[in-house]
Amino acid sequence: MNDLFDNLLADDGAGDVTLGPGAAILRGFARPHETALVGAFRAMIADAPFRHLITPGGYRMSVAMTNCGAVGWVSDRSGYRYAPIDPDSGKPWPAMPEAFADLAAKAAAHTGFAGFRPDACLINCYEPGAKLSLHQDKDELDLDAPIVSVSLGLPAVFQFGGMARSDRPARHRLTHGDVVVWGGPSRLAYHGVMPLTDGEHPLLGRQRINLTFRKTR
Ligand code: SIN
Ligand code: FE2
């Protein structure tokens, strides 16, 4: 088998899947906390609704985004940055719910990164067809801390590559409750999400929600 879907076939959907040094998929890690996570998520987006950001190049992103925590990731014609104020509301981002921070710390510790205290949580909303092109998370000042990414709702195909954009990424299906952690030597790995396939999730409907925890400073 030499196809792009090696990983999709080889991965039986249980336990941890190693993606590289300091990087793993923790299958179903967030499942036991889904009620608390979805409840906190719903309360949070009432204060900071999803919006489609514009890239520095002038494109509207297909993924809708919002944030919670001390700072939030924003993009506009002037560039990408972390900002303490939601530019849409003019107010600080909603506080990071305890249920979010706790789960992120547990997943990081499980992968070998003890003491992870994220100060930012980017929340992505993918509707059918939405995608995220290969990129590195490199706007954070603290590159010793890992990235912790929680998938909720519809399944998606996640791409996880190397340190160069040209390294062919592996593809892994992420489903509701899966958590991906990447840090250490894998902290700057390229990653992305393939266009979302349509479907209906019992808890979240026709969307995929991704929570990405970062320590920015
Ligand atoms: C991201 O890279 O910000 C999100 C990844 C994902 O949605 O799984
Ligand atoms: Fe990312």
Side-chain angles (χ1 to χ4, degrees), residues 7-8 11 17 19-20 22-30 37 41 45 50-53 55-56 59 61-69 71-75 79-82 93 96 100 103-104 107-108 111 118-143 145-165 167 169-183 186-197 199 201 204 206-216:
N7 302 299
L8 293 176
D11 182 350
V17 181
L19 297 177
I25 302 172
L26 317 183
R27 292 284 180 211
F29 196 87
L37 293 171
F41 157 74
I45 57 163
F50 285 113
R51 73 289 308 261
H52 291 271
L53 298 174
T55 65
Y59 294 99
M61 297 183 74
S62 63
V63 178
M65 297 181 172
T66 186
N67 293 276
C68 61
V71 291
W73 187 86
V74 291
S75 172
Y80 307 126
R81 66 198 165 277
Y82 282 100
W93 298 103
M96 193 179 305
F100 281 22
L103 174 72
T111 316
D119 59 1
C121 175
L122 170 67
I123 302 161
N124 293 326
C125 176
Y126 298 76
E127 291 188 336
K131 67 176 172 66
L132 200 59
S133 311
L134 276 184
H135 66 278
Q136 294 170 295
D137 291 358
K138 58 175 184 189
D139 299 328
E140 301 73 30
L141 295 176
D142 184 346
L143 293 177
I147 299 288
V148 174
S149 162
V150 178
S151 292
L152 297 170
L154 287 178
V157 178
F158 181 67
Q159 300 172 289
F160 194 81
M163 298 303 136
R165 190 185 293 277
D167 295 341
R171 296 184 183 190
H172 295 271
R173 191 165 188 268
L174 297 181
T175 65
H176 179 73
D178 287 349
V179 179
V180 187
V181 179
W182 61 98
S186 296
R187 175 61 180 74
L188 291 175
Y190 276 87
H191 59 281
V193 177
M194 303 291 289
L196 195 79
T197 301
H201 186 268
L204 286 160
R206 214 170 156 221
Q207 61 184 346
R208 169 176 185 259
I209 301 298
N210 174 259
L211 315 173
T212 310
F213 296 91
R214 297 98 186 268
K215 185 168 183 301
T216 66

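All ligand and atom numbering here is 1-based and tracks the order in the structure. As a basis for the values below, the full set of heavy atoms in this structure was taken, side chains included, without hydrogen atoms, waters or symmetry mates.
Within ligand 1, counting atoms from 1 as listed, the ones closer than 4.0 Å to a heavy atom of V193 are 5 (C), 6 (C), 7 (O), 8 (O). For ligand 1, the atoms sitting less than 4.0 Å from at least one non-hydrogen atom of Y126 are 4 (C), 5 (C), 6 (C), 7 (O), numbered in the order shown with element in parentheses. Close contacts of ligand 1 with T212, meaning ligand atoms under 4.0 Å from a residue heavy atom, involve 3 (O), 4 (C). Proximity to H191 (heavy-atom distance under 4.0 Å) selects the following atoms of ligand 1: 2 (O).
For atom 3 (O) of ligand 1, the closest non-hydrogen atom of the protein is N124 ND2, 3.4 Å. Nearest protein heavy-atom neighbour of atom 8 (O) of ligand 1: R208 NH2, 2.9 Å. Scanning the protein heavy atoms around atom 1 (C) of ligand 1, the nearest turns out to be L132 CD2, 3.5 Å.
In this structure, the side chains of E140 and K215 stay at 4.5 Å or more apart for every pair of heavy atoms. By the 4.5 Å heavy-atom criterion applied to side chains, D139 and T216 are not counted as neighbours. Residues V74 and W93 form a side-chain contact, since some pair of their non-hydrogen atoms from C-beta on lies under 4.5 Å apart. At least one side-chain heavy atom of V179 sits less than 4.5 Å from a side-chain heavy atom of V148.
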Can you list, pair by pair, the side-chain donor-acceptor contacts under 3.5 Å of residues 127-135, counting residues two or more places apart and other chains?
unit_1, atom_1, unit_2, atom_2, d
H135, ND1, S133, O, 2.9
H135, ND1, H191, O, 3.2
H135, NE2, D137, OD1, 3.1
H135, NE2, H191, NE2, 3.0

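Under a 4.0 angstrom heavy-atom cut-off, R214 registers as being in contact with ligand 1.
Between W182 and ligand 1, a contact under 3.5 Å exists for no N or O pair. Residue N210 has at least one N or O atom closer than 3.5 Å to an N or O atom of ligand 1.
H135 contributes NE2 as its N, O or S atom closest to the Fe ion (ligand 2). Among the heteroatoms counted here (N, O or S) of D137, OD1 is the one nearest to the Fe ion (ligand 2).
Using a 30° and 60° split on the angle between ring planes, W182 and F158 fall in the tilted class, from 30° to 60°.
Annotation for R206: atom CZ does not count as buried by contact number, only 12 or fewer foreign heavy atoms lying within 6.0 Å.
Under a 3.5 Å cut-off, the side chain of H176 and the backbone N or O of G153 do form a donor-acceptor pair.
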